2 protein chains.
Amino acid sequence: MKAKRVSLDDIAKALGVSKATVSFVLNGRGDEFNISKKKQELIHEKAKELQYVPNFFAKSLRQGETKTIGLVLADISNPFYAEMCKIIQETLYSKGYNTFIVNTNDDKELEKTLMRELIQRSIDGMIISPCNTIDALIPILHETHIPVVFSDRPGDENADFVGIDNMKEASLLIGKFKNKPKKILAISQHDTSIQTISERLQGLKDASKKSGIELVHINLSSERKEALAQVKNELSNHVDAIIPLNNMVALATLGILQELKINVPNDVKLISFDDHEVFSFMTPSVTALRQPVNKIAAISVERMMERLKESQVPGKHQLLECEFMERGSH
Amino acid sequence: MKAKRVSLDDIAKALGVSKATVSFVLNGRGDEFNISKKKQELIHEKAKELQYVPNFFAKSLRQGETKTIGLVLADISNPFYAEMCKIIQETLYSKGYNTFIVNTNDDKELEKTLMRELIQRSIDGMIISPCNTIDALIPILHETHIPVVFSDRPGDENADFVGIDNMKEASLLIGKFKNKPKKILAISQHDTSIQTISERLQGLKDASKKSGIELVHINLSSERKEALAQVKNELSNHVDAIIPLNNMVALATLGILQELKINVPNDVKLISFDDHEVFSFMTPSVTALRQPVNKIAAISVERMMERLKESQVPGKHQLLECEFMERGSH
DNA sequence: AAAATTTACTAAATCGTTTTACTAAATCGT
DNA sequence: ACGATTTAGTAAAACGATTTAGTAAATTTT
């Protein structure tokens, strides 16, 4: 029942010319190959009439390139990645590339499988925010020789990376409270082994030690009740400032504080590492450190384009500055 | 410089067997074709040793199917679509399909181009939330004969559709305020021609007429100052309830109300058509009508799987019920 | 008018798989 | 021991494009 697609050969036969001629003309190289204007017109007409759609696979198979970049994201429902994804796709598109987006859900096994899937599709390059340590990815990346750009989360030393300096930014963050806090609570959620999260935590540790501020850290339970107890417990131990280690954790934390009837910023100050589009609409508005997501996206694509031209340039780590969004919670 | 990939033939030559044999074995059909255990093992070993990755294009070209579904979304940075996207991708993956996601940004031209791109890639089917009226898409969809499922936003009458009954849900929404309002302000933003938005508006119009409630509608300016003036003006005209026509508009509206120092729900009540993960964290928490996004996603995939099996079944419109999230703003 | 060049094409190889049709050798049934 | 069947494969066509090498006819050059 499947109506097969119209092929080059169908057009060629309908007009009594060769496939080569049709191919030349439809690729805009008719003049170059001395195809007469009349015949060119005829071919274009016939192609339209038959609703010819070139078979991308046949083309890629022959040409060995796909003009497609794979984009491997950890969590597409996080607005940070959603925005990054949107910009990367737009930018790549403007350069004649398509984007194959996959979402790993921070699941290492799925990440491996999806990366293999992308490589099978002969993508020309890959932009990736790895789940975690990239140890598991190395063998996969060695199966292929396509350029890889790590975005937001670093890969190995000599691979391209575009993102922020999490340690530095975190350590600077401590100085941003209006009044120097006595005891800071850093909060994470889910997997603490994610490199960006542990770097942020390390930055906070270093800076708090230097400035004589006490620092505690909890990893929020996924059980609501337990999470409430965790936070309540820390607050009763004289915590006067909170730094959630990313935007989603910040939202969860704010929900918990609300339920505990803790007032921000009166009872406790809060600065979120990572911004969220809704922070400015909340009461109080949430002070946050904003990662330059559009720059990260744009520069990632730029790096990729360079790599695609000459693959032997050494890896470059590009660290961008964050912006402090001064609002009402600190 | 480009190191070409290892092919079936490389393995075949290395072992002195035919390509066919290698293909049979690597596809797990070695027994079926009476390939000896010893040879099978040898082939698997060699494949691993040479890090063989099958060329997906060659395979698809030969087999005529790609096990890939195209997913065309209007705005991936809207959490509703992001979530839908995530679930659709997961569900399709569990059924052995990959997902090719594209983001149209509600741009009709881009939508057409991207759809063509997908069709060129011989996707087996397409799940789509069209920008707008699908008139422009019809010719494109006729270029191909792959199954199409419209998700969240309807396509034409006899195509599959999975979503909600926007008119009905909107008209029911008016009865949800704790106290019957006198004058409701419906707010949209950007393109009012999006079908779901105009259906919601129509539903509100019908219901307000029946229940003797006055209804006004504005389309929010993208100029912040102008938008503030628009809302202020309506409020001074005795509006006592607001219904933003989707979640993003709700966020924008809340921002404006905050800047105008209008208290919700004391000065004005608000119910959002469309939920957002942050609504429960806000002060006051935002009452909203929640679309069953996971059901929409799951059923969309289900429909697609049925279509892929037998393409000649008549189109089905599947309308799901929304859930009223009773919170503090109404 | 013969040689050289240009014009307007075409035939066939190629990319890397899958799959059909075929074959030689081994084993089986009687 | 003879034909029949099974075993263990192989060769070659096919998918649909691109591209190289070639060619006959027309035109230009000398």
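The model shown is predicted, which means the values in this text are computed figures rather than measured ones. Below, read A as the first sequence line, B as the second, and so on, with proteins coming before strands; counting in each chain starts at 1.
- Residues satisfying the side-chain hydrogen bond (donor to acceptor under 3.5 Å, both in side chains) test with B:Asp9, not counting sequence neighbours, are B:Lys13.
- With respect to A:Lys112 and A:Glu109, a salt bridge is recorded, a charged nitrogen being found less than 4.0 Å from a carboxylate O.
- Of all the heavy atoms in A:Thr196 and A:Asp152, the pair that sits closest is CG2-O, 3.6 Å.
- For C:dT19, one of the phosphate oxygens OP1 or OP2 lies less than 4.0 angstrom from a side-chain nitrogen or oxygen of B:Gln63.
- Distance, A:Lys39 NZ to C:dT10 C1': 10 Å, rounded to whole Å.
- Salt bridge absent: B:Lys108 and B:Glu111 never bring a charged side-chain N and a carboxylate O closer than 4.0 Å.
- Between A:Phe56 and B:Phe57, the ring-plane angle classifies as perpendicular under the 30° and 60° cut-offs.
- Rounded to an integer number of Å, the gap from B:Ile11 CD1 to C:dG16 P is 13 Å.
- Every residue meeting the salt bridge (charged side-chain N to carboxylate O under 4.0 Å, His left out) condition with A:Lys46, not counting sequence neighbours, appears here in chain and number order: A:Glu49.
- Distance from the side chain of A:Ser23 is smallest for D:dT19 among the nucleotides C:dG16, C:dT18, D:dT19.
- Taking atom NZ of residue B:Lys37 and atom P of nucleotide D:dG9, one finds them 12 Å apart after rounding to whole Å.
- Contact between the side-chain N/O atoms of A:Asn55 and the OP1/OP2 oxygens of D:dC15 is not found at any separation under 4.0 Å.
- For C:dA8, neither phosphate oxygen OP1 nor OP2 lies less than 4.0 angstrom from any side-chain nitrogen or oxygen of A:Thr21.
- Along DNA chain D, the nucleotide nearest to A:Val6 and the one nearest to B:Asn34 differ in position, and the one closer to the 5' end is contacted by B:Asn34.
- Straight-line distance from the CZ atom of A:Phe24 to the P atom of D:dT20: 9 Å, rounded to whole Å.
- Distance from the side chain of B:Leu8 is smallest for C:dT18 among the nucleotides D:dA11, C:dT18, C:dA12.
- Distance CG (B:Leu61) to P (D:dA17): 9 Å, rounded to an integer number of Å.
- On a pure distance criterion of 3.5 Å, a polar donor-acceptor pair joins the side chain of A:Arg62 and the base of D:dT18.
- Atom CD of B:Glu32 is separated from atom C1' of C:dT20 by 13 Å (rounded to the nearest Å).
- The base of D:dT10 lies outside donor-acceptor range of the side chain of B:Lys19, with no N or O pair under 3.5 Å.
- Heavy-atom distances to DNA chain C give each of A:Gly16 and B:Asn27 a nearest nucleotide, and the one nearer the 5′ end belongs to A:Gly16.
- Checked against B:Leu15 for a side chain to side chain contact (heavy atoms under 4.5 Å, CB included), the options B:Val22, B:Asp10, B:Ile43 give a single hit: B:Ile43.
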Strand DNA chain C as a dot-bracket string - pairs counted if Watson-Crick or G-U with both distances under 3.5 Å, | where the partner lies in another strand = ||||||||||||||||||||||||||||||
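- Between B:Ser7 and the phosphate of C:dG16, there is no side-chain N or O to OP1/OP2 separation shorter than 4.0 Å.
- The number of heavy atoms from other shown groups lying within 6.0 Å of CD (A:Glu41) does not exceed 12.
- Residue A:Ser36 places at least one side-chain N or O under 4.0 Å from the OP1 or OP2 atom of C:dC9.
- We find that CG of A:Asp9 is positioned 12 Å from P of C:dT10, with the value rounded to whole Å.
- With rounding to whole Å, B:Phe33 atom CZ is found 8 Å from C:dT19 atom P.
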